[in-house]
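The structure appears below as structure tokens.
Letters go in sequence order (proteins before strands), and every chain restarts at 1.
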Number of protein chains: 2
Amino acid sequence: MSGAGPVDPAALAARAALLADRTRATFCLALIDGRAWTAGELARHAGVAPSTASVHLDRLVRAGLLVTERQGRHRYLRLAGPEVARTVETLAGGAGPAPVPPGLRASRAASRLAAARTCYDHLAGALGVTLFDGLVADGLLTTTDGLALTPPGRAWFTALAGPDPLPRTGRPVVRACLDWTERRHHLAGAAGAVLCRALFAHGWVERGRDRRSVRITEAGRAALPDRLTVALPS
Amino acid sequence: MSGAGPVDPAALAARAALLADRTRATFCLALIDGRAWTAGELARHAGVAPSTASVHLDRLVRAGLLVTERQGRHRYLRLAGPEVARTVETLAGGAGPAPVPPGLRASRAASRLAAARTCYDHLAGALGVTLFDGLVADGLLTTTDGLALTPPGRAWFTALAGPDPLPRTGRPVVRACLDWTERRHHLAGAAGAVLCRALFAHGWVERGRDRRSVRITEAGRAALPDRLTVALPS
DNA sequence: GGGCGAATTCGCTGCCCGGCGAAACGTTCG
DNA sequence: CGAACGTTTCGCCGGGCAGCGAATTCGCCC
């Protein structure tokens, strides 16, 4: 992740060596959709002993290709960023896909949006992840250098939930919560709660049959895309 | 160069392994500007024995990263194509350059255009290479599946040198000739001869002091860019 | 607190592969 | 035709590294 001199053979070789192993390549390809996996899952997926996987994962993390996140006794691993995904894809397939699929990588979420639910006081499941992605894609949230709400993001929340929707309290305004079904982040913190309440208040989402399950209403399906770049199921 | 399945860890690892060696990485970086080097030069450049370099080069050629061209007792090696250069750059430097610098990689030629000369009956040196690049960039020549003149290219030659400038004779219409100063191709064959004669006839180039040396005239400097996408020295 | 499961550390083994020099091959030049 | 040169093939050596199992640490749950 350093600046990297323009042409250093040793650096190039070192980077390539990271992907030059079948097991590590399997890991990176599995992680390429941006989801987080546990170390054990990756080991099983690649067909190697957990100890072997641990060493490889450690190497990939040190090199900055992967980032790690502990949750309980699990260790979740994700690609460090889209640039890494781009590099892996460039090397894997001949012709890489368009640099930045403008719509976001939310297509996968479509078939599972039914898994929307609440998590404490905010939205989780595929819906939560989709909203999180949309907020980031539209520049309302920034993930560089930690998670933060941007000025446009603050304005967006005001437009959504009325004046001063995020009073200064002890609670963090935004927090990334790792979603245990989607293996990706959704929005928690005060803003996550405001977002959840607002969506219910507008009638864009409603409770499903069993507690915690949530589904999008027709009104929400119509109104949400006007507010946010999201791909909802047809 | 096969189609390559979308996600094959082994294939990814194999490709990465090609660049995962310091010596091979040095080779690819040296070749990244598109010029051709001899095997011995590359060996010296990387600081390894010729025998060692030979094995590495053979591997890179087999994998389709490099293409080879024998000329006398020398063996010239070039990157197989711009996609390869793009892959190497992606992996080498963090942010790669723009996918296709529209103007072509002719900037390097600018400072050495004085090296223009004739080679038998066609133009060589930096001028020859620049013209060749321009013909390819403008779609007048195609290098996919061997060198060939496209229909627009045929029209272009007619506009340049009058009706039926390329009568059907035994001689190949277009031929790529490896330029020994620029280490890249210039245009030979019947079309190369026509191009050379036409440029002299229009007064766009003229003989220099010593035989075989050529220089561009002011008229040529003004007229050539109207015909072809080329970067001439200021 | 005890037990379980996930993850990591450690030591070891085996193999892959990059390096070299010597010799063979082909081309160019005197 | 013989010498010089660029390149390739061959055999060998050495180091690096991926793999495993055993032991250890740590967090969670009954």
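Counting non-hydrogen atoms under 4.0 angstrom, Asp58(B) reaches nothing in the nucleic acid.
Interface limits on DNA chain D: the 5'-most and 3'-most nucleotides within less than 4.0 Å of chain B heavy atoms are dA4(D) to dT9(D).
Judged by distance alone, the side chain of Arg24(A) and the main-chain N or O of Ala13(B) form no donor-acceptor pair under 3.5 Å. A side-chain donor-acceptor contact under 3.5 Å links Thr26(B) to the backbone of Arg22(B). Formation of a donor-acceptor pair under 3.5 Å by the Thr150(B) side chain with backbone atoms of Leu140(B) is found in this model. Listed for the Arg78(A) side chain is no donor-acceptor partner under 3.5 Å among the backbone atoms of Ala36(A).
Side-chain contact between Arg75(B) and Leu57(B) is present, with at least one heavy-atom pair separated by less than 4.5 Å.
Remark: P of dG18(C) and CZ of Phe27(B) are 11 Å apart, rounded to the nearest angstrom. For the pair Arg70(B) CZ and dG26(C) P, the computed distance is 11 Å after rounding to whole Å. The CG atom of Leu42(B) sits 17 Å away from the P atom of dG18(C) (whole-angstrom rounding).
Looking at residues two or more places apart in sequence or on another chain, you find a salt bridge (Lys or Arg N to Asp or Glu O under 4.0 Å) between Arg62(A) and Asp58(A).
Aromatic ring orientation, Trp37(A) versus His45(A): tilted (interplanar angle from 30° to 60°).
Residues from residues 44-51 of chain B with heavy atoms under 4.0 angstrom of DNA chain C, sorted by number: Val48(B), Ala49(B), Ser51(B).
Distances shorter than 4.0 Å separate some side-chain N or O of Arg59(B) from OP1 or OP2 on dG18(C).
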